[in-house]
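Treat the numbers as computed from the prediction; the structure is a model and nothing was measured. Counting from 1, the numbers follow the sequence of the chain as shown.
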Amino acid sequence: MTEDTAANEPHEPTPEERAARDRVRRQATGMAHHQAAEALEAAEEAAGDLDTAAAGTRAEVAEWSRITDLLFDRGGPYTPQTDAYVQGQLTARKNHRV
């Protein structure tokens, strides 16, 4: 498998990545787009070189980026309960355990 196709393969997040995403979602709750964009910028600065950053750090930056993009068109505060991506993940995890 080439490096290009490996990037398109499904990825089961590590516990570190899940924890980072959950932490970002808690912090983002109630934020408007501009606040999420500021948090994304701060996370990118703190991460430094993402190519060499830990998996949790990369997941944190990616989640801030995703939430910022989501809020760009939404016009309201972020809530995980109305985030279709998060709800899909929770459903998939629940169904996977059954």
Side-chain angles (χ1 to χ4, degrees):
M1 181 179 308
T2 67
E3 195 172 312
D4 290 338
T5 58
N8 294 325
E9 292 296 315
H11 169 73
E12 182 66 31
T14 66
E16 179 185 12
E17 291 169 317
R18 283 187 183 178
R21 290 180 180 140
D22 290 344
R23 190 173 46 253
V24 168
R25 292 168 187 165
R26 282 191 305 274
Q27 292 172 354
T29 299
M31 285 186 175
H33 176 265
H34 71 280
Q35 294 165 312
E38 290 171 2
L40 169 59
E41 186 177 321
E44 289 172 332
E45 287 178 16
D49 181 12
L50 284 176
D51 291 333
T52 61
T57 300
R58 290 191 310 272
E60 179 179 343
V61 171
E63 190 65 1
W64 276 120
S65 179
R66 189 189 69 77
I67 289 171
T68 300
D69 290 346
L70 175 71
L71 292 175
F72 181 76
D73 292 330
R74 192 179 209 174
Y78 176 77
T79 62
Q81 294 80 9
T82 59
D83 184 336
Y85 180 78
V86 171
Q87 294 307 309
Q89 279 187 330
L90 293 174
T91 299
R93 287 180 194 162
K94 178 182 170 190
N95 292 339
H96 184 68
R97 280 184 248 150
V98 176

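Note: W64 CH2 to Q27 CD = 5.5 Å, rounded to the nearest 0.5 Å. The structure places OG1 of T29 at 6.5 Å from CD of Q81, a figure rounded to the nearest 0.5 Å. Between atom CZ of residue R21 and atom CD of residue E16 there is a gap of 11.0 Å, rounded to the nearest 0.5 Å. Summarising the geometry, atom CD belonging to E63 is positioned 4.5 Å from atom CD1 belonging to I67; distances are rounded to the nearest 0.5 Å. We find the OG1-CZ distance between T52 and R58 to be 9.0 Å, quoted to the nearest 0.5 Å. The CD atom of E38 sits 8.5 Å away from atom CE of M31, with the distance rounded to the nearest 0.5 Å.
Taking a cutoff of 4.0 Å between a charged side-chain nitrogen and a carboxylate oxygen, D22 and R25 qualify as a salt bridge. Look at E12 and R18 and you find a salt bridge, because one of the NZ, NE, NH1 or NH2 atoms lies within 4.0 Å of a carboxylate O, short of that distance.
L90 and L70 fall within a single hydrophobic cluster, where Ile, Leu, Val, Met, Phe, Trp and Tyr side chains are chained together by heavy-atom contacts under 4.5 Å.
Listed by chain and residue number, nothing satisfies the ring-ring contact (aromatic ring centres under 6.0 Å, His included) test with Y85 (two or more places apart in sequence, or in another chain).
Listed here is the closest heavy atom pair of G30 and P77: O-CB, 3.5 Å. Minimum interatomic distance between L71 and G76 (heavy atoms only, all atoms of both residues): CD2-O, 3.3 Å. The nearest pair of heavy atoms linking G56 to A20 is O-CB, 3.3 Å. Between A43 and E60, the shortest heavy-atom distance links the atoms CB-OE2, 4.2 Å.
Checked by atom type and distance alone, the side chain of Q87 pairs as donor or acceptor with a backbone atom of P80 at under 3.5 Å.
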Could you walk me through whether R66 and V86 satisfy the side chain to side chain contact (heavy atoms under 4.5 Å, CB included) test, starting with their C-alpha distance in whole Å, then the side-chain angles of each, then the deciding distance to 0.1 Å, before giving a yes or no?
CA-CA 11 Å; R66 189 189 69 77; V86 171; 3.7 Å; yes
